[in-house]
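Throughout, a chain's letter reflects where its sequence line sits, starting with A, and its residues are numbered from 1.
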Number of protein chains: 2
Amino acid sequence: MVTRLDDPCCGGLHPDAVADVRSGQLSEPLVLSLSEAFKALADPTRIRMLHCLLQRELCVCDLAEVLGMTQSAVSHQLRYLRTLRIVKNRREGNTIYYTCDDAHIAGLLQMGIDHAMHGEANEGGA
Amino acid sequence: MVTRLDDPCCGGLHPDAVADVRSGQLSEPLVLSLSEAFKALADPTRIRMLHCLLQRELCVCDLAEVLGMTQSAVSHQLRYLRTLRIVKNRREGNTIYYTCDDAHIAGLLQMGIDHAMHGEANEGGA
DNA sequence: ACAATATATGAATATATGCTCATATAGGGG
DNA sequence: CCCCTATATGAGCATATATTCATATATTGT
């Protein structure tokens with residue numbers, strides 16, 4: 001079972017290379033799990049939200065205020081992140097506080113920041 | 001200049017928290033650059049492509065063969081990655097070989113893999 | 001019970017994304 | 001020069017995403 005399409009233009013130009021790489025392939029669930037994690041970080045809004053929530057616990061409307069966004073938009077994105085278990089929330093009376101304590105995401109984000117700051121933009125600047 | 005929307009439901013519940021987090025905000029270009037990088041990894045196809053191209057140089061049709069995808073689809077994604085300078089290519093006669101030598105991306109991907117494999121799916125299995 | 005506040009959520013919408021199909025480009029061999 | 005192979009690319013399409021708007025839910029205070 002080779003999982004070939006009908007017309008791969010050339011049936012594998014270098015069979016050895018193909019076989020070689022095939023044996024090292026990532027499993028389907030792993031790939032899906034990976035893309036899911038990276039997707040969470042693949043949006044400017046979510047990056048900013050997570051960066052905030054990693055620094056400090058914030059309620060929804062403070063977050064909205066910081067990001068200059070609608071409460072609704074923020075809430076939708078928080079739901080997205082909640083579904084992925086990337087952020088947690090805590091209720092205190094009427095307000096709900098969110099945090100991000102996901103070490104995985106924090107690590108990826110930090111690594112991205114470190115790398116991107118190799119001569120490009122800096123932090124700071126409200 | 002506070003960059004406020006017309007109706008932030010509550011005008012910042014905790015002004016100190018808001019000010020605090022505001023001062024640590026990531027700059028706009030940095031955020032965009034970050035999301036761009038994560039976007040490159042936010043798709044199962046591209047993850048598999050990059051994982052292959054990090055292991056070994058491959059021509060387009062070998063890649064297509066390995067991934068079980070159309071040459072066209074692969075080529076489109078390669079263009080995407082080329083635009084972001086994540087992959088390089090080399091021509092040898094009729095065939096074009098691609099590689100990924102982007103340490104940034106490689107690091108992020110590896111970190112993602114390490115983390116995701118904490119009890120979930122493993123490599124191997126083609 | 002009622003009003004006010006904070007948050008959540010469904011529907012609609014606009015845009016982005018990933019793939020397919022057809023076709024263009026480019027190099028190699030007769 | 002013509003044909004074959006490998007790759008690139010534009011258009012179209014179906015789906016995903018991010019935001020907005022209106023409204024629902026939940027908690028507090030009176």
Side-chain angles (χ1 to χ4, degrees), chain A residues 5-14 17-18 31-32 35-36 38-50 53 57-65 67-84 87-99, chain B residues 5-14 17-18 31-32 35-36 38-50 53 57-65 67-84 87-99:
Chain A
L5 292 190
D6 282 11
D7 179 25
C9 106
C10 54
L13 259 198
H14 312 279
V18 171
V31 168
L32 290 179
S35 68
E36 192 178 67
F38 286 121
K39 249 175 226 181
L41 292 165
D43 175 77
T45 295
R46 285 195 294 272
I47 288 181
R48 285 187 295 178
M49 291 181 52
L50 289 170
L53 296 178
E57 185 183 58
L58 284 174
C59 72
V60 177
C61 67
D62 282 348
L63 198 50
E65 170 84 7
L67 302 179
M69 291 182 59
T70 305
Q71 173 269 321
S72 178
V74 170
S75 202
H76 275 294
Q77 294 289 16
L78 284 172
R79 174 169 61 163
Y80 178 101
L81 295 171
R82 229 187 315 140
T83 301
L84 295 181
V87 299
K88 320 263 184 206
N89 58 5
R90 166 178 81 85
R91 159 161 256 147
E92 189 172 317
N94 230 341
T95 82
I96 299 190
Y97 295 94
Y98 280 84
T99 28
Chain B
L5 292 189
D6 282 10
D7 179 25
C9 104
C10 55
L13 261 197
H14 310 93
V18 171
V31 169
L32 289 179
S35 68
E36 193 178 65
F38 286 121
K39 249 174 226 179
L41 291 166
D43 175 77
T45 295
R46 284 195 295 273
I47 288 181
R48 286 187 293 179
M49 290 181 54
L50 289 170
L53 295 178
E57 185 182 58
L58 283 175
C59 72
V60 177
C61 67
D62 282 349
L63 239 190
E65 171 84 6
L67 302 178
M69 293 182 58
T70 304
Q71 173 269 319
S72 179
V74 170
S75 201
H76 275 294
Q77 294 288 18
L78 284 172
R79 173 169 63 164
Y80 178 100
L81 295 171
R82 229 186 315 139
T83 301
L84 295 181
V87 299
K88 320 261 183 208
N89 57 5
R90 167 178 80 84
R91 159 160 256 144
E92 190 171 317
N94 229 342
T95 83
I96 298 190
Y97 294 94
Y98 280 83
T99 27

For this session: Taking only the side-chain nitrogens and oxygens of B/R82, find out if one of them lies under 4.0 Å from OP1 or OP2 of D/dT7.
Result: no

Exercise. What integer distance in Å separates A/L58:CG from C/dT7:C1'?
Worked result: 15 Å

For this session: Mind calculating the distance between NE2 (A/H14) and C1' (D/dA6) to the nearest angstrom?
Result: 11 Å

Exercise. What distance do B/R79 atom CZ and B/H76 atom NE2 have between them, rounded to the nearest 0.5 Å?
Worked result: 6.0 Å

Exercise. Looking for any heavy atom pair under 4.0 Å, which part of the strands does B/T95 touch: base, sugar-phosphate only, or nothing?
Worked result: sugar-phosphate

For this session: Compare side-chain N and O positions of A/Y98 against OP1 and OP2 of C/dA8 and report whether any pair is under 4.0 Å apart.
Result: yes

Exercise. For the residue pair A/A40 and A/L84, what are the closest heavy atoms and their distance?
Worked result: CB-CD1, 4.0 Å

Under 3.5 Å between N/O atoms: give me all the protein pairs with nucleotides 21-27 of chain C, atom names plus distance.
unit_1	atom_1	unit_2	atom_2	d
C/dC21	N4	B/S72	OG	2.6
C/dG27	N2	B/N94	ND2	3.4

For this session: Nearest whole angstrom, please: distance from the P of C/dA8 to the OH of A/Y97.
Result: 13 Å

Exercise. Nearest-Å distance, CG (A/L78) to C1' (D/dT19)?
Worked result: 14 Å

Exercise. Tell me: CG of A/L63 to C1' of D/dT19, nearest whole Å?
Worked result: 15 Å

Exercise. If you round to the nearest 0.5 Å, how far is OG1 of B/T99 from NZ of B/K88?
Worked result: 8.5 Å

Problem set entry | B/R79 vs B/V60, nearer the 5' end of DNA chain D by closest nucleotide | B/V60

Problem set entry | Atom-pair distance (CG on A/L81; P on C/dT9), nearest Å | 14 Å

Exercise. Is there a side-chain contact (heavy atoms from CB on, under 4.5 Å) between A/Y98 and A/L63 once you walk through the steps?
Worked result: CA-CA 9 Å; A/Y98 280 84; A/L63 198 50; 5.5 Å; no

Problem set entry | Donor-acceptor pair, side chain of A/R91 and main chain of A/G93, under 3.5 angstrom | yes

Seminar exercise, completed: For B/V31 and A/I47 the tightest heavy-atom approach is O-CD1, 3.9 Å

For this session: With A/L81 as reference, evaluate A/L53, A/V87, A/N89 under the side chain to side chain contact (heavy atoms under 4.5 Å, CB included) test and give the passing residue.
Result: A/V87

Problem set entry | Whole-Å distance separating the CD atom of A/E65 from the C1' atom of C/dT7 | 16 Å

Exercise. Does the B/R46 side chain pair with the main chain of A/S35, one donor and one acceptor, at a distance under 3.5 Å?
Worked result: no

Under 3.5 Å, which N/O atoms of the protein pair with N/O atoms of nucleotides 15-18 of chain D?
unit_1	atom_1	unit_2	atom_2	d
D/dA18	OP1	A/D43	OD1	3.4
D/dA18	OP1	A/R46	NH1	3.1
D/dA18	OP1	A/R46	NH2	3.0
D/dA18	OP2	A/R46	NH1	2.9

Exercise. Within this structure, what is the CG-to-C1' distance between B/N89 and D/dT7, rounded to whole angstrom?
Worked result: 10 Å

For this session: Over all heavy atoms of both residues, which pair between B/A17 and A/D62 is shortest? Give the atoms and the distance, please.
Result: CB-OD2, 4.3 Å

